[in-house]
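Worksheet: one structure, shown below.
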Amino acid sequence: MTDDILVKTRDLCFKRGERVIFDGVDIDIRRGSVTGIMGPSGTGKTTLLRLIGGQLFPDQGTVHVDGENVHELNHGQLYQLRQRMGMLFQNGALLTDLNVYDNVAFPLREHTNLSESLIHKLVLMKLEAVGLRGARDLMPTELSGGMARRVALARAIALDPMMIMYDEPFTGQDPISMGVLVRLIRLLNDALGLTSIIVSHDIQETLSIADEIYLLSGGKVVARGSTDELNASKSEWAQQFLKGQPDGPVPFHYSAVDYADDLLNGHPGRAQSRV
Amino acid sequence: MLNLLQEMGKRGLGVFERLGRGCILFYNIIMGLHTLIPRFGLVVYQVYSVGVLSLIIIVVSGLFVGMVLGLQGYNTLVDFGAEESLGIVVALALVRELGPVVTALLFAGRAGSALTAEIGLMKATEQLSAMEMMAIDPIRRVMAPRFLAGFIAMPLLAAIFSAVGVIGGYFVAVGLVGVDEGAFWSQMQDAVDLYDDIYNGVIKSVVFGVVVTWIAIFEGSDAIPTSEGVSRATTRTVVHSALAVLGLDFVLTALMFGEI
């Protein structure tokens, strides 16, 4: 029986040094859906993707992808599973010594024994899907940030994965590139029957395409639901985040000692210039 | 005082932790070498990158080292009327010691630093992470070919260094200070032993090649993924390689020639 849930985390706990990143996070990601994971910077959104991809180990709890416990797989099994996962890194992470064409062909050449003529056709199809067939001969350094992400997207779908994880896909994009990416993510998800996980703090863009959204803060899921459910949410935290208010449950000030006390009794810092 | 002890203990543990990570990486690279058999082209390209591109510095340095050996050797030997043994001095010094050691030091500076910077930057720009997520093991795809290339290139470079050094010594001995050409070559041929001298020199250069390439790859993969982190890792590669090469040279020399 195929489970409707593709990715399932239960009681996920993760620490970096003394800092608690996740403290019992439960997330269900349905097959075929676009799920947004949102939260302020530093809430461990990217860490969550790395936990799902098996690049990091949780201190406690489990991550199941397609019914398999990611952290109990051996090296070979994990790599088998990853062939069915795509990931789009924030900066694209294209291989800088290969051109656009070879970057997209890279996973095909590594994992299949297809002939070069077939790989050629597949690469052109993937590049056409992201609108960059004409840029096949460019090197990564010649691409704009948005184009690099689209090439990385073409590379991520090269092996026809079952899911794609997007790490901050909209950050630092001009409105046109942003619009293109938003449309592409939804389009590819529906056309290829993918499951998409978008980690982002760009509220409008994510809300516009996500079927379900999880809001993370302080290592926990503070709200979940569809766009409408979140907009109607009574959670003060969710409202502060969605409306972008500077102060609220998430304080404007980083925790510090008393202001007056700090001014009167604090030690002056030493001048430091290391650059 | 307690803080000092604590700090020393922490650093000591840090050193062992890094050594442990380095050994695990070494093991994983060795276990990944068999995957290179069907795709030897990757190794060939890396041999070009770390070997062929290092040729100029190796050849020029070898020539000058040989010439200096010729001059210095002559100055000493002439006092004893033994200047015709100059060929032996030049050849033995190069084949046994200077060939492997100086080549390894130059190799660390030229190819080792480049390997560290390349792998460190691949880590900083998430290229290694992206490969992992594409189910391509960076240890097998990126590090193993570079390691094997260093293993292959280093002895060849050391051999070229020694050969060019001998030619440099010949120019000085025969061309400049007038040592008899026949005596120069025949004494050299007579005194240099294939097993004791040449093979031991080759063993040294293989060991140095493995160690320098291992340090370079480890420092790159262990670099803190920032510009400062990569620059520090590159420096560490050169410093640690130089120390390792010189230390190991003593150990190997003691093992090989200690009884002579």
Side-chain angles (χ1 to χ4, degrees), chain A residues 46-47 49-56 65 70 73 75-98 103-113 140-141 148-149 151-159 161 163-168 274-275, chain B residues 10 14 17 24-25 27-32 34-36 38-42 45-46 48-50 53 114-115 117-146 149 220-221 224-232 235:
Chain A
T46 305
T47 307
L49 295 188
R50 289 187 186 275
L51 283 163
I52 294 174
Q55 286 187 308
L56 293 174
V65 175
V70 175
L73 299 177
H75 187 267
Q77 291 167 326
L78 180 64
Y79 273 60
Q80 286 284 329
L81 180 66
R82 281 184 186 160
Q83 286 192 34
R84 293 185 283 143
M85 298 166 135
M87 180 150 170
L88 188 75
F89 285 80
Q90 197 170 345
N91 60 10
L94 296 175
L95 303 174
T96 42
D97 54 346
L98 301 180
N103 257 293
V104 180
F106 186 72
L108 292 166
R109 288 185 179 137
E110 291 290 323
H111 289 303
T112 68
N113 292 320
T141 46
R149 268 176 228 188
V151 174
L153 184 52
R155 185 178 67 178
I157 57 171
L159 289 171
M163 62 182 277
I164 297 197
M165 298 185 276
Y166 298 89
D167 187 5
E168 303 279 9
R274 299 181 359 143
V275 179
Chain B
K10 209 165 129 187
E17 199 187 322
I24 291 171
L25 180 75
Y27 172 79
N28 285 333
I29 289 176
I30 299 291
M31 297 312 283
H34 70 275
T35 56
L36 295 172
R39 43 199 317 189
F40 208 70
L42 287 175
Y45 178 76
Q46 290 305 325
Y48 171 78
S49 180
V50 300
L53 294 182
L115 281 179
E118 188 186 15
I119 294 175
L121 279 173
M122 285 181 90
K123 183 181 179 190
T125 52
E126 293 188 309
Q127 292 180 52
L128 297 183
S129 259
M131 276 193 196
E132 278 183 11
M133 286 309 298
M134 282 188 273
I136 296 160
D137 188 348
I139 291 179
R140 294 181 177 189
R141 179 61 176 72
V142 176
M143 297 174 200
R146 284 162 175 76
S221 68
I224 299 166
T226 61
S227 45
E228 194 185 1
V230 175
S231 92
R232 282 188 181 191
T235 310

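Between B:Ala130 and A:Arg155, the closest heavy-atom pair is CB-NH2, 3.7 Å. Smallest separation of non-hydrogen atoms from B:Thr125 and A:Asn91: O-ND2, 3.7 Å.
Heavy-atom neighbours of B:Ile30 CD1 from other residues, nucleotides or ligands within 6.0 Å: above the threshold of 12.
Looking at A:Arg84, neither its backbone nor its side chain comes within 4.5 Å of chain B, counting heavy atoms on both sides. Interface remark: A:Leu78 contributes no atoms to any contact with chain B (heavy atom separation under 4.5 Å).
The salt bridge (charged side-chain N to carboxylate O under 4.0 Å, His left out) test applied to A:Glu168 returns A:Lys45, not counting sequence neighbours.
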Show your reasoning for whether side chain to side chain contact (heavy atoms under 4.5 Å, CB included) applies to B:Met131 and A:Glu110. CA-CA 10 Å; B:Met131 276 193 196; A:Glu110 291 290 323; over 6 Å; no

Apply side chain to side chain contact (heavy atoms under 4.5 Å, CB included) to B:Met133 and A:Leu49, showing your working. CA-CA 11 Å; B:Met133 286 309 298; A:Leu49 295 188; over 6 Å; no

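A distance of 6.5 Å separates CE of B:Met122 from CG of A:Asp97, quoted to the nearest 0.5 Å. To the nearest 0.5 Å, atoms CZ (B:Arg140) and OH (A:Tyr79) are separated by 8.5 Å.
Residues in residues 120-131 of chain B take part in these salt bridge (charged side-chain N to carboxylate O under 4.0 Å, His left out) pairs, two or more places apart or across chains: A:Arg50-B:Glu126.
Note: A:Gln55 leads A:Met87, A:Gln55, A:Met85, A:Gln83 in heavy-atom pairs under 4.5 Å with chain B.
At least one side-chain heavy atom of B:Ile136 sits less than 4.5 Å from a side-chain heavy atom of A:His111.
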